[in-house]
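What you see below is based on every heavy atom in this structure, not just the backbone, and it leaves out hydrogens, waters and symmetry mates.
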Amino acid sequence: MQTDTITAISTPLGEGGVSTVRISGDDAFEIAKTVFKSKNNKDLSKMQGYTAAFGKVYDGEELLDDAVALVFRAPKSYTGEDTVEISVHGGTHLIRRVLRSVINAGARLAEGGEFTKRAFLNGKMSLTEAESVMNLISAKSDRALNIATKNKEGALSKKIKNMTDKLLYLVSEISVYSDFPEDETLCISEDDFLVSLKEIYTDLETLVSDYDKGKLIIEGINTVIVGSPNAGKSTLMNLLSKTKRSIVTSIAGTTRDVVEQTAKVGDYTLLLADTAGIHETTDEVEQIGIEQAILRLETADLCLAVFDTSVPATSDDKALIEKTKNKPTLLVLNKNDLNSAKEEYYETLGLPFVKISALTGEGEKELVEQITKLLKLNELDPNAEMLSNERQYQTVQRAKNSVNEAILALESSVTLDAVGILIDDALAALLELDGKRITNEVADEVFRNFCVGK
Ligand code: GDP
């Protein structure tokens, strides 16, 4: 199939060692030859795959820079097509000029994710493997990277194939039975049929139930820090994020807006939001900040409720505990370094707590352990296959619901033909999940979220 040739800058824009423009498609070599001249007159279109040539890159007659051209021959390239990568010194304007020169030579600017889309369409990777490329790029912690790498290596695809094969076998059993009903029995007993369906259901259920925890690891944990003024919220934020982003003073009410910061904590990423101290106030500006804090609390995955234990719990502190009741909340009993710390009240509430000193850093390790426990992240099998985005989650939900209905139908002696239709629905969802059977709209939607150049 004839494809047009696409190009894009494949490295981040900025000053650095090298920047690269990637060219992929049927005319990749011819287009690259127009802009790149090898020092030894090497002909790019005759070079072997995985070899490089040193030379100079031009825009028309104008010399732009020294360059290295790396050649990949179809099908042994990322996209499965002929590909050339031209690398020059890393500079934003320079690489844009190289890109323009390549476009002038006949390539089309690639859309977001178009290289990976071509890799998928050319059978170089399944849809979930293609999606894991995006997770690989955006991974902010070892655990997130681990999930993305495993999926990139096909762990999820294998799991999906395993379930698909089982469902196909069951459907084929039903169709043989429908074609020869006079034989009356299935090759597989009805009990085994049910067991097989239930096994598939359990696998789908595990994927679904692990998704929320996996999402926290992949996307980061949306964490709100709340507490009375002067409890030490900003100090905690700065401790966790290892910055001085939040202003720390002994003057109550300093943080009025929501201050955001990303923190790598243990194996996880916390997307922290430091908020205005929640308490009764007549100050209009402070009141807006408090309303924002409460809004954040409602949408957060995790709440760190900070209390100044150098003073007895106030009515504001007690009211705050009430407000956090419906959220996974860790009571952070701060200022533990002060001998006068009064922690008994909080300890007897039966809520998860940790004693720390945000000032000295004492108790930080325990805080991470408590977060892991509270969000049940330790229950996640690090070797389990994991869904990594909403599309995958919704598609597995569909498959799970259909399998569940098939089980109920079988148990209530509905005709096998009807059971077969429900299994077909589950199969359709699983085939869509890994891109074996998808519409152009679904494919476009998947790759739209990718960055240009990938
Ligand atoms: P916020 O209003 O809740 O953000 O509180 P800040 O982080 O601004 O801290 C208020 C005051 O308490 C500052 O003077 C901090 O230095 C002090 N502080 C915060 N955490 C601790 C702690 O763990 N120990 C001690 N001794 N002082 C702290």
Contact between [X] and [Y] at the side-chain level, heavy atoms closer than 4.5 Å - yes or no?
{"X": "Val35", "Y": "Val98", "value": "no"}
{"X": "Leu136", "Y": "Leu145", "value": "yes"}
{"X": "Asn135", "Y": "Ile147", "value": "no"}
{"X": "Val195", "Y": "Lys198", "value": "no"}

Could you check whether any side-chain N or O of [X] sits under 3.5 Å from a backbone N or O of [Y], counting only pairs where one atom can act as donor and the other as acceptor?
{"X": "Gln394", "Y": "Glu390", "result": "no"}
{"X": "Thr5", "Y": "Asp27", "result": "yes"}
{"X": "Ser132", "Y": "Lys152", "result": "yes"}
{"X": "Asp82", "Y": "Phe29", "result": "no"}
{"X": "Lys327", "Y": "Ala300", "result": "yes"}
{"X": "Asn122", "Y": "Thr79", "result": "yes"}
{"X": "Asn334", "Y": "Ala358", "result": "yes"}
{"X": "Ser172", "Y": "Tyr169", "result": "yes"}
{"X": "Thr439", "Y": "Val442", "result": "yes"}

Would you mind checking if [Y] and [X] are paired as a salt bridge, meaning a charged N to carboxylate O distance below 4.0 Å?
{"X": "Asp434", "Y": "Lys161", "answer": "no"}
{"X": "Glu322", "Y": "Lys325", "answer": "yes"}
{"X": "Lys150", "Y": "Glu385", "answer": "no"}
{"X": "Arg391", "Y": "Glu445", "answer": "no"}
{"X": "Asp59", "Y": "Arg96", "answer": "no"}
{"X": "Glu260", "Y": "Arg296", "answer": "yes"}
{"X": "Arg398", "Y": "Glu432", "answer": "yes"}

Between [X] and [Y], which heavy-atom pair has the shortest distance, and what is it?
{"X": "Leu330", "Y": "Ile371", "answer": "CD2-CG1, 4.1 Å"}
{"X": "Ala263", "Y": "Ser241", "answer": "CB-CA, 3.7 Å"}
{"X": "Gly106", "Y": "Ile31", "answer": "C-CD1, 3.6 Å"}
{"X": "Leu410", "Y": "Leu416", "answer": "CD1-CD2, 3.9 Å"}
{"X": "Lys124", "Y": "Pro75", "answer": "NZ-O, 2.7 Å"}
{"X": "Ala67", "Y": "Val88", "answer": "CB-CG1, 3.8 Å"}

Do other residues, nucleotides or ligands put more than 12 heavy atoms under 6.0 Å from [X] [atom1]?
{"X": "Asp43", "atom1": "CG", "answer": "yes"}
{"X": "Glu366", "atom1": "CD", "answer": "yes"}
{"X": "Lys318", "atom1": "NZ", "answer": "yes"}

Rounded to the nearest 0.5 Å, what separation is found between the [atom1] atom of [X] and the [atom2] atom of [Y]?
{"X": "Ile218", "Y": "Met134", "atom1": "CD1", "atom2": "CE", "answer": "13.0 Å"}
{"X": "Ser126", "Y": "Lys158", "atom1": "OG", "atom2": "NZ", "answer": "11.0 Å"}
{"X": "Arg437", "Y": "Leu430", "atom1": "CZ", "atom2": "CG", "answer": "10.5 Å"}
{"X": "Arg22", "Y": "Ile6", "atom1": "CZ", "atom2": "CD1", "answer": "9.0 Å"}
{"X": "Thr116", "Y": "Phe447", "atom1": "OG1", "atom2": "CZ", "answer": "6.5 Å"}
{"X": "Leu367", "Y": "Leu333", "atom1": "CG", "atom2": "CG", "answer": "10.5 Å"}

Between [Y] and [X], is there a side-chain donor-acceptor contact under 3.5 Å, judged purely by atom types and distance?
{"X": "Asn378", "Y": "Thr372", "value": "no"}
{"X": "Thr128", "Y": "Asn151", "value": "no"}
{"X": "Lys233", "Y": "Thr275", "value": "no"}
{"X": "Ser141", "Y": "Asp267", "value": "no"}

- Message: Applying salt bridge (charged side-chain N to carboxylate O under 4.0 Å, His left out) to Lys242 and Glu364, what does each step give before you reach the verdict?
- Response: CA-CA 12 Å; Lys242 316 271 183 280; Glu364 191 183 354; 3.1 Å; yes

- Can you tell which of Leu304, Thr223, Val368 makes a side-chain contact (heavy atoms from CB on, under 4.5 Å) with Leu240? Leu304

- Evaluate the criterion side chain to side chain contact (heavy atoms under 4.5 Å, CB included) for residue pair Leu207 and Leu156; output intermediate values, then yes/no. CA-CA 10 Å; Leu207 283 175; Leu156 183 59; 4.1 Å; yes

- Message: Show, in sequence, the C-alpha distance, side-chain angles and deciding distance for Asp301 and Lys376, and conclude whether the salt bridge (charged side-chain N to carboxylate O under 4.0 Å, His left out) test is met.
- Response: CA-CA 12 Å; Asp301 302 314; Lys376 301 191 171 71; over 6 Å; no

- Query: Parallel, tilted or perpendicular: which fits the ring planes of Phe72 and Tyr50, with parallel below 30° and perpendicular above 60°?
  - Reply: perpendicular

- Do Lys213 and Leu375 pass the side chain to side chain contact (heavy atoms under 4.5 Å, CB included) test, and can you show the C-alpha distance, the side-chain angles, and the key distance before you say yes or no? CA-CA 7 Å; Lys213 289 180 217 128; Leu375 298 178; over 6 Å; no

- Message: Using side chain to side chain contact (heavy atoms under 4.5 Å, CB included), reason through Met386 and Leu380 one step at a time and then give a plain yes or no.
- Response: CA-CA 10 Å; Met386 203 96 64; Leu380 208 56; 3.9 Å; yes

- Task: Evaluate salt bridge (charged side-chain N to carboxylate O under 4.0 Å, His left out) for Glu369 paired with Lys373, printing each intermediate quantity in order.
- Result: CA-CA 6 Å; Glu369 284 166 6; Lys373 229 163 91 184; over 6 Å; no

- Query: Hey, would you say the Phe115 and Tyr78 ring centroids sit under 6.0 Å apart?
  - Reply: no

- Item | Phe353/Tyr346 aromatic ring centres below 6.0 Å |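 For Phe353 and Tyr346, the ring centres are not under 6.0 Å apart.
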
- Task: Check the pair Val71 / Gln48 against side chain to side chain contact (heavy atoms under 4.5 Å, CB included), numbers first and verdict last.
- Result: CA-CA 7 Å; Val71 167; Gln48 283 192 357; over 6 Å; no

- Task: Start with the C-alpha distance between Thr20 and Thr11, add both sets of side-chain angles, then the distance that settles side chain to side chain donor-acceptor pair (under 3.5 Å), and finish with yes or no.
- Result: CA-CA 6 Å; Thr20 301; Thr11 42; 4.7 Å; no

